[in-house]
Amino acid sequence: MIEFLTNPIFKYAILPISTAILGIAVKFVSRNDQYAKFKKEDMAVGLELGLSACLMFIVLTTDKAKKLIDTNKILSDMLNASPIDGIMASKIQSQAQLLSSNIASSGWLTFFLFLGLAGISTLVRKYGWQSETEMSTLIGVTIPLIFGILAIISVMAGVSQ
Amino acid sequence: MTAKKFNKYKIYDLIPIAAIVTSVVGILLSLTKFVNLSNNLSTLMISLSLIVTFLFGFYSAILSKKLSRLSRTKRIFLSYNQDMERDAIKIKNELRNKGAKVWVAKERLKPGESIEEIITDAIDDADSVVAIIGNKFSSNMSYEIEIAKLKGKKIIPVIFKSGPLPINISGLKYIDLREKRQLGIKELLDAVT
């Protein structure tokens, strides 16, 4: 099970695509369908996916920062102990370095995710609608959907580091 | 033509486009840091997801039409003249009891709304249009039937009173409720559900 969940097929293909499909299904089944059939507008879940990815990434980065604080505390305790276990201390230090490096790049990814979200929502508002109720296929549905999937993939990749 | 098209866009529209391009480039650069691109499986899966998503979005209009056809619940647009309202309500209730979703203008139209737009959308959503024929045939009914014809919808004329069958549906097989009413209603239910 763990092998399956950490597999690239699951992380980068099954999870993002099934998230989009579930998002579409939830959007469709939760609206009043008394008078309307399934429409292409139900497939416009890209912005929701992008926003979820952004918020998820912030929470997971905070989790990583907490892990870094804990790792530094362990390292500090280890260096204060006598005698110092050099091999273990070196291992924990490299762990702390990796976490610091990830947190440093997380800031950029968060910025790019929110920048994209702002840009795409503006584009959809201006050019994503064909009429009052109908969205355009490319700017209204496809571009936000690709951005949402890309955001989820990047969050998955960032988290698994 | 091209100049007109370009005039539609404003220079500040480039700001969201620039933001999107920067964001996508940034996300891809972050991805190259997080994902080992020499791992062919990861790169393949990321590319595959993006291609599938593109196709999914690009063909969303066709996909949604195909998916809506899979729905078993039938949607019916009820077209009638004001003087036939009582009979139309009876038919509506019988169809709803059978599980069909029936669109009736009186229930849906609100003051200030564009009648043409809402009627066109409703007919577009419907699987079939049931036209209730009485003594009179209004211009509204004529409009609804024309739209249904234009959209290639199934039109089922239901004759309640002995009036002339309108010319734009005179070639269609109708259901006669003038004499064997129960049999006619059964026939209608079978035809639409």
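The model shown is predicted, which means the values in this text are computed figures rather than measured ones. All chains are named by letter (A, B, ...) in the order of the sequence lines, taking the proteins before the strands, and each is independently numbered beginning at 1.
- A/F10 and A/I21 fall within a single hydrophobic cluster, where Ile, Leu, Val, Met, Phe, Trp and Tyr side chains are chained together by heavy-atom contacts under 4.5 Å.
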- Message: If you apply the rule side-chain contact (heavy atoms from CB on, under 4.5 Å), what do you find for A/I17 with B/L48, and how did you get there?
- Response: CA-CA 10 Å; A/I17 292 171; B/L48 190 76; over 6 Å; no

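- Only the backbone of B/A126 has a heavy atom closer than 4.5 Å to any heavy atom of chain A.
- Heavy atoms closer than 4.5 Å to chain A are found in both the backbone and the side chain of B/S42.
- Heavy atoms closer than 4.5 Å to chain B are found in both the backbone and the side chain of A/L150.
- Between B/M45 atom CE and A/L15 atom CG the span is 13.5 Å, to the nearest 0.5 Å.
- One distance of note links CG of A/L117 with CD1 of B/I20; it measures 10.0 Å at 0.5 Å rounding.
- With a threshold of 4.5 angstrom between heavy atoms, B/F56 approaches chain A through its backbone and through its side chain.
- Annotation for B/E116: atom CD does not count as buried by contact number, only 12 or fewer foreign heavy atoms lying within 6.0 Å.
- You'll find the side chain of A/F111 stays beyond 4.5 Å of the side chain of B/S23, heavy atoms only.
- Counting non-hydrogen atoms of other residues, nucleotides and ligands closer than 6.0 Å to OH of B/Y59 gives a total of 12 or fewer.
- B/L150 and B/I145 sit in two unconnected hydrophobic clusters of ILVMFWY residues. Membership requires side-chain heavy atoms under 4.5 Å apart, directly or through other members.
- Of all the listed residues (B/I15, B/L29, B/I62, B/T22), the one sharing the greatest number of non-hydrogen pairs under 4.5 Å with chain A is B/T22.
- The backbone N or O of B/L31 sits nowhere less than 3.5 Å from a side-chain atom of A/S154 that would complete a donor-acceptor pair.
- Atoms CG and CG, on B/L63 and A/D42 in that order, are 12.5 Å from each other to the nearest 0.5 Å.
- With rounding to the nearest 0.5 angstrom, the CD1 atom of A/I143 is 13.0 Å from the OG1 atom of B/T53.
- If you measure heavy-atom distances from A/I24 to chain B, the contacts under 4.5 Å come from the side chain alone.
- Taking all atoms of both residues into account, the shortest heavy-atom contact from B/S64 to A/M43 is N-CE, 4.0 Å.
- Side-chain contact between B/L44 and A/Y12: absent, with no pair of heavy atoms (C-beta onward) separated by less than 4.5 Å.
- Between B/K33 and A/N102 there is a side-chain heavy-atom pair separated by less than 4.5 Å.
- Hydrophobic clustering (side-chain heavy atoms under 4.5 Å, transitive across Ile, Leu, Val, Met, Phe, Trp, Tyr) groups A/M156 together with B/I51.
- Summarising the geometry, atom CD1 belonging to B/I46 is positioned 9.0 Å from atom NZ belonging to A/K11; distances are rounded to the nearest 0.5 Å.
- Environment of NZ in A/K67: sparse, with no more than 12 heavy atoms of neighbouring residues, nucleotides or ligands closer than 6.0 Å.
- The environment of B/I115 atom CD1 is sparse: at most 12 non-hydrogen atoms of other residues, nucleotides or ligands sit within 6.0 angstrom.
- Contacts with chain B were tallied for A/S105, A/S131, A/S106; A/S105 has the most, counting heavy-atom pairs under 4.5 Å.
- For the pair B/V24/A/I146, no side-chain contact is recorded, criterion being any heavy-atom separation below 4.5 Å from C-beta on.
- Linking Ile, Leu, Val, Met, Phe, Trp and Tyr residues whenever their side-chain heavy atoms come within less than 4.5 Å places A/L123 and A/L138 in a single cluster.
- Applying the salt bridge (Lys or Arg N to Asp or Glu O under 4.0 Å) test to A/K126 and every residue at least two apart in sequence or in another chain returns B/D13.
- Note that the CD1 atom of A/I149 and the OG atom of B/S49 stand 6.5 Å from one another [nearest 0.5 Å].
- Under the 4.5 Å side-chain heavy-atom criterion for ILVMFWY residues, a single connected hydrophobic cluster contains both A/V45 and A/L55.
- Looking at A/T142, its side chain does come within 3.5 Å of a backbone N or O of B/F58 through a donor-acceptor pair.
- Residues that satisfy the side chain to side chain donor-acceptor pair (under 3.5 Å) test with B/E117, not counting sequence neighbours, are absent from this structure.
- Shown here is A/F114, whose CZ atom has more than 12 heavy atoms of other residues, nucleotides or ligands within 6.0 Å.
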